[in-house]
Number of protein chains: 2
Amino acid sequence: MKKLDYFFRPKSIAIVGASRNPKKIGHVMLRNLIEGKFQGRVYPINPKTDRMFDLPCYPSILKVPGRIDLAVISVPAPMVPRVLDECGRKRVPAVIIISGGFAEVGNTELEHDCLKIIKKYKMRCIGPNCIGIFDPYSEVDTFFLPRYKLERPKEGSIAFISQSGALGSVVLDWMAMKGYKISKFISYGNAVDVDEADLTEYLAQDPATRVICCYFEGLKQGRKFFNTLKRVSRKKPVIILKGGTTQEGVHAVSSHTGSLAGSKQVHSAAFDQAGAIQAQSLEELFDFARVLASQPIPRGNRVQIITDGGGFGVLTTDWVIENRLTLAHMNKKILTTLKRTFPPHVVLKNPLDLTGDADVERYRLAIDAAVQDPNIDMIAVVTLFQIPTLTADITDVVSAASDRSDKPLIVIAAGGRFTEVLKKTLEDSGVPTFSYPERAAQSLRALYEFGQERKRK
Amino acid sequence: MKKLDYFFRPKSIAIVGASRNPKKIGHVMLRNLIEGKFQGRVYPINPKTDRMFDLPCYPSILKVPGRIDLAVISVPAPMVPRVLDECGRKRVPAVIIISGGFAEVGNTELEHDCLKIIKKYKMRCIGPNCIGIFDPYSEVDTFFLPRYKLERPKEGSIAFISQSGALGSVVLDWMAMKGYKISKFISYGNAVDVDEADLTEYLAQDPATRVICCYFEGLKQGRKFFNTLKRVSRKKPVIILKGGTTQEGVHAVSSHTGSLAGSKQVHSAAFDQAGAIQAQSLEELFDFARVLASQPIPRGNRVQIITDGGGFGVLTTDWVIENRLTLAHMNKKILTTLKRTFPPHVVLKNPLDLTGDADVERYRLAIDAAVQDPNIDMIAVVTLFQIPTLTADITDVVSAASDRSDKPLIVIAAGGRFTEVLKKTLEDSGVPTFSYPERAAQSLRALYEFGQERKRK
């Protein structure tokens with residue numbers, strides 16, 4: 001077992017600073033672990049009581065009878081070095097320091113003291129000033145946010161590393177609502193020991209992870225991260241969103257994480273050179289991630305649009321072209337077959353407009369044709385679920401076609417609650433969905449460019 | 001009463017093609033009118049039966065005993081001229097032709113025949129090939145989409161004109177879910193008589209409408225529309241999204257509405273000159289619309305950011321700057337007062353970071369200070385609702401501050417279901433909300449630029 005494995009697959013977790021007071025971080029963390037599906041042992045640590053949530057509670061980590069794989073620390077900053085030393089003596093391999101009050105508020109010395117203890121005992125440490133880990137596979141969950149306020153996503157293949165805890169957790173909440181799935185989430189805060197490079201390296205080896213997403217504001221060890229990026233991005237797509245790209249943003253970073261944000265141009269050029277994919281916004285980050293995590297690399301850039309609404313067909317066409325992709329020309333033979341089957345008002349072009357009286361069967365025929373057609377590299381399906389003739393089993397037909405397809409297939413569907421329910425069903429079965437054409441086309445471009453980049457290597 | 005008023009405030013509506021068959025368009029339309037809150041009389045027209053939904057049904061519009069203000073026609077295209085003639089003889093002032101099968105499929109002659117009858121009787125006509133009108137005030141609702149599949153937005157001040165019916169209705173569905181509100185929706189299809197210029201002119205006079213949004217692919221009478229735009233945009237913001245901006249998109253338009261889309265540059269320059277605001281995507285269209293409909297024009301471009309999450313503060317800063325706005329510098333005296341009240345870890349800069357233990361009271365003080373501060377023109381409030389200390393009454397505090405404020409105030413909040421519920425509450429009370437900083441900053445820019453543009457006139 002590698003050292004970092006203890007963070008994600010511990011057999012036992014100690015919560016140092018566990019509390020009976022529902023307002024305390026240590027209470028919420030303990031409750032989340034117990035109410036979740038974490039299979040290992042949980043040890044609350046608190047000198048003031050001997051039972052908590054029906055579990056024995058220990059005054060110190062040294063008093064715990066069994067082995068501890070992971071210690072999560074949420075005691076006030078000045079007490080952290082003592083707790084770390086106890087962790088070392090107990091031979092705890094992995095520690096997460098949730099507590100803030102270190103370098104980010106100028107207490108660099110206290111942080112340095114922690115590092116010395118970590119090094120002395122050869123532990124690995126995530127944090128301080130972070131919210132730690134959520135792993136939907138092992139159900140390791142160190143968030144101090146209750147589940148009714150912050151939902152957790154299901155098991156998937158997108159890993160997300162975030163320097164900022166609040167930003168990361170908010171995004172996770174949003175992903176859960178949308179039905180987007182993740183492999184691992186890590187908020188690493190001040191990175192006294194484990195940093196974005198270590199985590200990226202680890203995730204590159206993680207079989208559950210297909211795409212690695214990073215949000216950070218500044219890098220402590222730029223060179224180390226770029227070298228890691230170079231290696232990893234050959235294997236798996238790494239998508240980066242950097243906060244603090246304007247001069248004013250850089251200034252804001254210094255008040256937030258105390259790190260040096262550096263110039264946009266320099267970073268952007270370096271990321272590019274290292275083969276990373278750069279996102280301009282949080283939404284774009286996860287649009288790219290969803291497509292890259294679930295869809296095969298296309299052979300070329302020829303997109304076939306299939307729609308039941310002309311207007312959405314037009315907008316999708318515009319965005320496909322704006323993103324330097326091209327419109328596919330369907331194979332003549334396949335077109336002839338479709339022409340024989342479809343009513344005459346269906347527009348057999350690109351966009352292939354099934355029109356407002358399309359039903360599931362019409363979609364099935366059109367998508368199947370596109371999957372088979374050698375002139376088509378990617379398929380963008382617009383399904384306006386609102387039309388009266390389209391029944392809800394369209395999601396089965398689309399996801400079945402997606403399963404059979406060796407081409408990328410994405411769905412565009414805008415609307416209200418009914419639409420959102422159907423889109424979540426599609427997401428669940430691995431079909432990336434988008435509300436509007438621009439994001440769909442941008443994501444297909446990112447996928448295509450990643451494939452081109454990989455070819456060159 | 002102006003002629004177009006009969007479309008939006010009719011005292012009586014006849015549904016020509018009403019049906020007992022739930023799969024027929026004429027059935028769904030009739031049901032929507034009856035189940036909605038439309039206060040006027042409804043006359044189903046169908047020769048095959050004499051009662052429908054407990055209403056007397058008439059074989060022809062000529063047999064209806066009372067006056068008819070609006071006739072909605074959904075019979076097959078070849079039958080439309082005869083129905084139109086009957087409408088004329090019955091002196092119906094306003095007619096909506098829902099039916100397709102005219103110029104968009106090459107039947108220009110049939111469409112021309114209709115126009116001749118419309119002119120002969122001096123009626124006004126919307127359509128054909130459209131889904132007509134939804135007016136939340138009068139509850140005129142000619143959509144043939146059931147409410148469970150397509151929700152309707154509440155009464156607001158954003159009008160939306162869409163050439164494409166499907167696109168328009170899908171957007172309406174999405175608006176309803178988000179809590180965005182509208183004054184009127186019109187899908188005008190082939191525009192045989194009433195076109196985008198007539199509607200824009202009408203909405204300029206409509207007291208319920210503060211912002212006019214248009215989606216179209218091509219213009220039949222460009223000059224007429226540009227002249228209208230010029231006049232109207234002096235009074236009210238007109239936001240335009242044009243489909244078919246690429247060569248391929250133009251091609252797709254010709255299969256969709258049969259209109260000529262024209263070059264992007266020419267259109268864009270002309271819209272600009274006419275003082276219209278151009279949106280690049282559907283989401284942007286409604287982001288702009290929500291801010292322009294609800295917020296006052298700012299005196300300048302100095303934005304104060306208030307946040308409980310550092311990362312979101314950094315990203316918001318970046319986007320404020322990217323959009324050519326500037327960061328405000330808070331008044332010294334106000335800063336000193338805040339410093340005395342807030343705990344020392346609150347970052348009293350811009351972004352003003354209330355940090356992850358912020359409560360409602362801290363937000364109240366910070367927002368009130370920003371509302372009063374003469375150095376601040378616009379306020380961007382980031383509320384990550386997930387933090388444990390923030391209670392749901394934050395929405396009351398923010399909307400009360402927004403009511404008092406003579407400055408634009410918008411909210412950025414990303415997350416899952418809990419967040420969406422709170423955001424909808426804010427939208428309901430007139431505070432525009434955004435999931436991510438980029439859209440918020442773009443919308444503040446649009447608002448600022450509209451103000452600058454107006455000053456110049």
Side-chain angles (χ1 to χ4, degrees), chain A residues 23 28 105 144-145 148-151 164 166-167 169-171 173-174 176-177 215 217 243-246 248-249 252-253 255-257 281-283 308-315 317-318 320-322 327 345 347 349 351 353 356 384-388 414-420 435-436 438, chain B residues 23 28 105 144-146 148-151 164 166-167 169-171 173-174 176-177 215 217 243-246 248-249 252-253 255-257 281-283 308-315 317-318 321-322 327 345 347 349 351 353 356 384-388 414-420 435-436 438:
Chain A
K23 290 204 166 169
V28 182
V105 292
F144 51 83
L145 299 152
Y148 82 91
K149 270 202 167 186
L150 191 139
E151 294 174 69
S164 169
L167 185 137
S169 59
V170 159
V171 165
D173 189 18
W174 169 75
M177 179 182 66
Y215 172 79
E217 294 165 358
T245 53
T246 61
E248 288 79 354
V253 165
S255 316
H256 181 217
T257 47
S281 68
L282 281 166
E283 283 180 279
D308 58 350
F312 267 81
V314 170
L315 289 179
T317 303
D318 282 340
V320 161
I321 301 304
E322 298 272 5
L327 291 185
H345 64 276
V347 184
K349 293 182 182 168
D353 189 351
L384 306 180
F385 297 124
Q386 294 89 347
I387 64 168
R417 271 184 275 251
F418 183 72
T419 297
E420 287 300 314
S435 291
Y436 292 106
E438 59 271 27
Chain B
K23 291 206 166 166
V28 182
V105 292
F144 51 84
L145 298 151
Y148 82 91
K149 270 202 166 188
L150 190 137
E151 295 174 69
S164 169
L167 184 138
S169 59
V170 160
V171 165
D173 190 17
W174 168 76
M177 180 183 63
Y215 171 79
E217 295 166 356
T245 54
T246 61
E248 289 79 354
V253 165
S255 314
H256 180 215
T257 47
S281 68
L282 281 167
E283 284 181 278
D308 58 350
F312 267 81
V314 170
L315 289 179
T317 302
D318 283 339
I321 302 302
E322 297 272 4
L327 290 186
H345 65 275
V347 184
K349 293 182 181 168
D353 189 351
L384 306 180
F385 297 123
Q386 295 88 348
I387 63 167
R417 270 184 277 247
F418 183 72
T419 297
E420 287 299 314
S435 293
Y436 291 106
E438 60 269 27

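Note that this is a predicted model, so its numbers are computed, not measured.
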Say you draw a straight line from CE of Met177(B) to CZ of Arg417(A); how long is it, rounded to the nearest 0.5 Å? 8.0 Å

When heavy-atom pairs shorter than 4.5 Å are enumerated against chain B, which of Leu384(A), Val28(A), Leu315(A) gives the highest number? Leu315(A)

Contact part of Thr419(A) toward chain B, heavy-atom cut-off under 4.5 Å: side chain, backbone, both or neither? side chain

Quick check for you: to the nearest 0.5 Å, what is the distance between Gln386(A) atom CD and Lys149(B) atom NZ? 8.0 Å

Identify which of Thr317(A), Asp173(A), Leu167(A) forms the greatest number of heavy-atom pairs closer than 4.5 Å to chain B. Asp173(A)

Gap separating the CD atom of Glu283(A) from the CD atom of Glu283(B), nearest 0.5 angstrom: 6.0 Å

Using heavy-atom distances under 4.5 Å, tell me whether Glu248(A) contacts chain B through its side chain, its backbone, both, or neither. both

Could you look at Val170(A) and say if it's the side chain, the backbone, both or neither that has a heavy atom under 4.5 Å from chain B? both

Greatest number of heavy atom pairs closer than 4.5 Å to chain A - which of Leu145(B), Val105(B), Leu150(B): Leu145(B)

For Ala176(A), is it the side chain, the backbone, both, or neither that has a heavy atom closer than 4.5 Å to a heavy atom of chain B? neither

In terms of heavy-atom pairs under 4.5 Å with chain B, the winner among Gly313(A), Ser281(A), Ala166(A) is Ser281(A)

Non-hydrogen atoms of chain B under 4.5 Å away: do they reach the side chain of Glu438(A), the backbone, both or neither? side chain

Given that the side chain runs from C-beta out, which part of Phe144(A) has a heavy atom under 4.5 Å from chain B: side chain, backbone, both or neither? both

Do you know which of Val314(A), Leu327(A), Asp318(A) makes side-chain contact (heavy atoms from CB on, under 4.5 Å) with Thr246(B)? Asp318(A)

